[in-house]
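Presented below is the structure to which this report refers.
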Number of protein chains: 2
Amino acid sequence: MSLLYKNLRIHQVFGANTDVGKTVLTSALVRASAAAGHSVYYLKPVSTGPMSDADDDPTLSGTTQLDAYRPLFLPTVLIGDSRLGGISSTIASYEAMLIRGYIVDAVLLFRDEYYRNWEYLAPYFAERGIPVTSIQPPPEREADPSADASLTEHYYQNIVPDTGDSTIFDVVKHLDTCHTRRLEELDGMPRRTLDSIWWPFVQHGHVKTEADVNVIDSAWGDFFSVYNGKRPTASSKTSIVEPQLDGSASWWTQAIGHAHPALALAAARAAGRYGHVMFPEATHLPALKLAERLVHAGPGRGWAARAFFSDDGSTGMEVAIKMALRAYATRAAGALGGGRRKDLGILGLKGSYHGDTIGAMDACEEGVYTCEWHDAKGYWFDPPTVSIREGKTVVSLPPAIAAETGDGKADVETVSLSWTYNIEERLQSPLTDIYRGYIERTLQKLKDGNGPQIAALVLEPLVMGAGGMLFVDPLFQRVLIDAVRSLDGAPSSAPSEWSGLPVIFDEVFIGLYRLGLRSSTALLGTTPDISVNAKILTGGLVPLAVTLASDSVYRAFLSDSKVDALLHGHSYTAYPVGCEVANETLDIVEKLAASPAWTAAREKWKVPEPENANEKAVWSFWDPEFVHVVSKMDRVAEVMAFGTVLSIKIRDDSAGYESHSARALLKSIKTAAESDALSPAPGGSPFGIHYRTLGNVAYFMLSLNTPASIVRDIEERVWTVLQNRT
Amino acid sequence: MSLLYKNLRIHQVFGANTDVGKTVLTSALVRASAAAGHSVYYLKPVSTGPMSDADDDPTLSGTTQLDAYRPLFLPTVLIGDSRLGGISSTIASYEAMLIRGYIVDAVLLFRDEYYRNWEYLAPYFAERGIPVTSIQPPPEREADPSADASLTEHYYQNIVPDTGDSTIFDVVKHLDTCHTRRLEELDGMPRRTLDSIWWPFVQHGHVKTEADVNVIDSAWGDFFSVYNGKRPTASSKTSIVEPQLDGSASWWTQAIGHAHPALALAAARAAGRYGHVMFPEATHLPALKLAERLVHAGPGRGWAARAFFSDDGSTGMEVAIKMALRAYATRAAGALGGGRRKDLGILGLKGSYHGDTIGAMDACEEGVYTCEWHDAKGYWFDPPTVSIREGKTVVSLPPAIAAETGDGKADVETVSLSWTYNIEERLQSPLTDIYRGYIERTLQKLKDGNGPQIAALVLEPLVMGAGGMLFVDPLFQRVLIDAVRSLDGAPSSAPSEWSGLPVIFDEVFIGLYRLGLRSSTALLGTTPDISVNAKILTGGLVPLAVTLASDSVYRAFLSDSKVDALLHGHSYTAYPVGCEVANETLDIVEKLAASPAWTAAREKWKVPEPENANEKAVWSFWDPEFVHVVSKMDRVAEVMAFGTVLSIKIRDDSAGYESHSARALLKSIKTAAESDALSPAPGGSPFGIHYRTLGNVAYFMLSLNTPASIVRDIEERVWTVLQNRT
């Protein structure tokens, strides 16, 4: 993991090629540093070439050194190539380093008077803020060892003279300055941030000190490198950047960890080929391929006809809502009359969240996420939820539904978690009729009442994330969808034709394997008319959303008049960089979904390996035994694990968004972790935890490739803290 | 410009380094192709090394060949490096090619039996869909020329045998297949697009044939490369991709042209260092630097305190509106009462457009851009506009204002264009009092009426783009701002304290030098309380928006309660890739703004070169003489040029969004251009034009670095078509 010390400057030296003088110029830097009075340590972890020439011990295999050392995030010196072709190889090496996030502080190369590469490279790198220094090359080797040693010593004394007066000393001074500047920059960032940034969702009135600012110096895989120099425990002997687990997968966007080189290169590739393409009446391969795979092979399989691109989950939902309302209004035009189009409302669930633009907000009840123009339009059912409590799977009914059961009990214990998510079996259970009766009576009341004309059903399938990680009973969602589709009589048998009301699935959070499932459709045993994907779609690199629609929804906008079109768009709609990154992410994710790691996780949950294991099985990367044990702990009200998600509801009388109990819990995990990170136990894997909470719900979110060892480590920490009653 | 022929396959060969066998392996490919019965042409444009070894004529200087040939967009063969260090240099070369958008179809390298680089490279490239072929290396050179020639010939006969049975023939077949596949892919893209894509703002009912789909194969600078193989005029002798000018700067996003390598590398750099960072209570350098430069040095200079990030102009405006409404509601809490918060309205101008999410739409009048939930909240003034007609600068007054002038005339001729944009002088002119009187009476009527409580002023300064390139009289906007600020008495003298109503500048379209000005503030002689930038901010690469706010707006959200915070955010808020690309764009743009090209353009408009030339001067990249001449043409109602924007309003009785007259005009430019592109005149610069229109307004938008020769060329085409009355 990333290393940075106050009193120890570390630079890593890379060569633009072999035989460019890495060893000689590094030796010169070491000599100059020593001559300037520093203690110098020199480590050569790998050498290429025949074993007889090797001056190192360890070896790496199967990955380039540039990738292998990247987690250390050491600032670098690049030894350029002074030979014929060396301009290109030096620049290409520099770019390869940048793509992997390296900081390049200086370029050194031999002063070859014939090719004079430094003359081209110096202004080239100066434009990029990097000094290029050319150093006299060493003499030819002498056959006689002692003559060679004396000649070499003479050479070094020449380029690193005792007077301390040569360019190599300037390089050492420059590297010292880079180090000092980096420390100062990190140290100044909290203050500067508090002076210029307005954070999303943050009450700045709660941010009291610079220590409240999480300074992210870099990231790699599941970890951030975070500056800790402002912390009271910081010492000059420990690294002032430390690893912090990205425990919420960066707002649920990460698919394959941070800074994945394949995604960086995908972004650059599309940027280099296209830049941007204005999308109306145009096409380009990244967008076309992404549309096709989502429509035909991905979440749209079997029902979707078209993909509409936008920038984030919220805009994707605005598009979905515009589609649904138009489809409904067109079909119901006679009954509605023009003036009532504005009064259309949606049907949803309490706890829903679809984003923060006003249209997406208006599809949700008013709650804590509200603002002046938020004007909730519709009706929201209080849904039953699924959780694991004291080792048992429980469906919790809201009072209105509990009242309709024989015994009036709010909590119904089910056979098992897997049975609870087996919709076809549960459709035969008594709860189905109770749900259906309740829903149909409610819909009738809405029809008879004075509320808005309900025009669409909008659901987050399986889990309402922002609403507090509520695992909605999937049977309730299925029965609700069926009931809505039967509003005008028997529903259409073609999944491309909407019936009753258009149904929108907001899969921004749960889609594309966040729950280990490609989509919720197979598990629910039904398909939507419109769906939205975002977040994980682009693997946590850049924003992009796709709204999928069935043919019948699309046809509602077809006419001879431009004003009937879906007049929605953003400047960067379907931008090639976003689409290419999404394609690369999905390529990698689909390989992961077929990997032994996933099979192993499913086996723990006793999920057989059927063909459609990624379609409808309920399983998790979290250990079932851990989940079982935690569900029985005193401080825990309930727990759920599904795919990458672990959700722990803490017992707390003041539940809700404003509760701080989960935060307090995680803070103790974090504090314990931080002391670990500062003085790691041998063999341990020390890290801090960058966490998020929703009221009294603590949750952890993994990437789709988080190593099992890290998952086990988090489980251990969570269990330890939950054990501790203070 | 990009080349692709049906019956002529062209591959460009790049070497991973010098001396890796480019010439030998290319010769082998040429021989194998010839042996397979193809006519083969071989061009070596540049060689490195001493002049005595040179086997070429032309030379390039100052740029790498990889950059120099990129506009041709030829598919490539990479000759890998078989020597020690060759694995790294081959991969780094491959990545350097990808960053610049190149398609790499095959990798060839010598079969060095000692280092065996192909053993690592073959699976590495196979994962990336590229076959690696290793070929026996040539023999050592013989001193005797005739012996050497015979040995060389023997070598070639060995690797390219007459039997046609060797791996090199497989490579040729593979390259043929790549070519065929690319042609088939381009040919199939229109159909596939029509079957899976739902375009923004497009009435799909109008899209009749595959020829209506603009297939973008790549882009470079100001040009797209567009597939024309579906066109009736396509011939096997001409390239089936052709250059098309991106005449609308890709929805006004382009700053420095398409596929700029610096932006591609900036995206990759931030991706490689961070991936994404969840932003609440966190910070990272790209976001912090961007916030600081926008707040302190950019459009926020002198008034802004904070930057809030979001994903596009529409979300940026939703944030701005939420800020303004809360600031107003907090101050007016006593007068409003809780219930009235939803009824707050905004003050704006007819023709405004702020994006397509519902909140942004609700800040605009209902017009053609509408949908079911659009519920316009506020009052919109019909504004006076500026244009050039028959060689004269005219301010056109709406009827209500014209009625208040002495003579009742709608059109007021002004001294000059530069005088019209000199607000300080014009504040002394009679129109100021007329505007002020009209505005103050209207505001009083609104106060007395039953409409919504006006809570904010929302303006697109200087130009309303989507509304039809309406150049609003800047004096009217200034007087309106002053009037609104005096609503509660004398306005605050501190620009960080809002008075009367919070004022929002939507600078998404006009900001950051689109009009040659950093911002509209200096020209208008006033500052907003909130402003939004997007589009050009990221140079046409990735979506990003920033909402700037003054300290008094920010303070309205400060409290001890989380629910009072600005509860708005998107998953990718302030994502490092977007911020880094924005920083790189602004670095380049700021250099351009100080460049001789800009000085030259300003000189034509007789703008002296004061210190603040990029702050308040009205000038354009379009030639003033051209603008003058066009303004006098029969078919032209009016014209305006400002910065990169040229807007020509066509005389048309059926004006408005549904008018097709501008489209018809531009179609004739396009048709003429297409025939040019297919049979270019010697010395001409043939290209098609990818255009957009707004009703009867034809507009052209340049990048900030479009060469003057291209601008002159467009002017020539526009003038020619306008001359032609048919």
Side-chain angles (χ1 to χ4, degrees), chain A residues 17-18 84-85 92 96 98-101 193 196 198-203 205 214 216 219 250-251 253 258-259 264 267-269 271-278 280 282-284 291 306 308 311-312 318 322 325 341 356-359 371-372 540 543 558 562-563 565 568-573, chain B residues 17-18 84-85 92 96 98-101 193 196 198-203 205 214 216 219 250-251 253 258-259 264 267-269 271-278 280 282-284 291 306 308 311-312 318 322 325 341 356-359 368 371-372 540 543 558 562 565 568-573:
Chain A
N17 206 331
T18 192
L84 180 63
L98 287 192
I99 291 174
R100 287 157 183 82
T193 299
S196 62
W198 189 339
W199 283 311
F201 296 116
V202 170
Q203 175 48 266
N214 221 20
I216 309 293
S250 274
W251 253 341
T253 62
H258 289 266
R269 189 166 71 214
R273 178 162 176 178
Y274 304 95
H276 181 39
V277 170
M278 188 170 57
T283 193
H284 55 82
R306 305 252 156 195
F308 192 103
D311 293 341
D312 54 39
E318 297 252 345
K322 286 185 181 185
L325 298 184
R341 299 208 324 176
D356 297 320
T357 56
I358 296 294
C371 68
E372 276 64 22
L558 286 183
K562 167 120 193 194
V563 297
H568 188 111
H570 303 282
S571 304
Y572 288 88
T573 299
Chain B
N17 205 331
T18 192
L84 180 63
L98 288 193
I99 290 173
R100 287 157 183 82
T193 299
S196 63
W198 189 338
W199 282 312
F201 297 114
V202 170
Q203 175 48 267
N214 221 21
I216 310 294
S250 275
W251 254 341
T253 62
H258 289 265
R269 189 166 71 213
R273 179 162 176 179
Y274 306 94
H276 181 40
V277 170
M278 188 169 56
T283 193
H284 54 82
R306 305 253 157 196
F308 192 104
D311 293 342
D312 54 40
E318 296 252 346
K322 287 184 180 185
L325 298 184
R341 301 207 325 175
D356 296 321
T357 55
I358 295 295
V368 285
C371 67
E372 277 64 22
L558 287 182
K562 166 121 192 191
H568 188 111
H570 302 282
S571 304
Y572 289 88
T573 300

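Fair warning: this is a prediction, and the values are worked out from it, not measured in the lab. Just so it is clear: chains get the letters A, B, ... in the order the sequence lines come, proteins before strands, and each one is counted from 1. Side-chain atoms are counted along with the backbone in the values below, which use heavy atoms only and exclude waters and symmetry mates.
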Only pairs of heavy atoms separated by less than 4.5 Å count here; which of A:G359, A:A219, A:G272 has the most with chain B?
A:G272

With chain A, which of B:T573, B:D312, B:I358, B:D356 has the greatest number of heavy-atom pairs at distances under 4.5 Å?
B:D356

With respect to chain A, which residue among B:A268, B:C371, B:P543, B:A291 yields the maximal number of heavy-atom pairs within a distance under 4.5 Å?
B:P543

One option among A:H284, A:H570, A:H276, A:E372 has the most heavy-atom pairs under 4.5 Å with chain B, and it is A:E372

Donor-acceptor under 3.5 Å (A:Y572 side chain, B:G540 main chain):
yes

Worked check of side chain to side chain contact (heavy atoms under 4.5 Å, CB included) between A:M278 and B:I216
CA-CA 10 Å; A:M278 188 170 57; B:I216 310 294; over 6 Å; no

Test B:V202 against A:K562 for side chain to side chain contact (heavy atoms under 4.5 Å, CB included), laying out the working first.
CA-CA 7 Å; B:V202 170; A:K562 167 120 193 194; over 6 Å; no

Do A:T357 and B:T357 meet the criterion of a side-chain donor-acceptor pair at a distance under 3.5 Å?
no

Quick one: which of B:S196, B:A565, B:A92, B:G205 has the most heavy-atom pairs under 4.5 Å with chain A, could you say?
B:S196

Quick check: closest heavy atoms across A:F308 and B:W198, and the distance to 0.1 Å?
CD1-O, 3.3 Å

Look at B:A96, B:A267, B:G569 and state which one has the largest set of heavy-atom pairs under 4.5 Å with chain A.
B:G569

Contact part of A:E318 toward chain B, heavy-atom cut-off under 4.5 Å: side chain, backbone, both or neither?
side chain

Kindly give the heavy-atom pair with the smallest separation between A:T283 and B:T193, and that separation in Å.
OG1-OG1, 2.7 Å

Go through the atoms of A:N17 and report whether side chain, backbone, both or neither lie under 4.5 Å from a heavy atom of chain B.
side chain

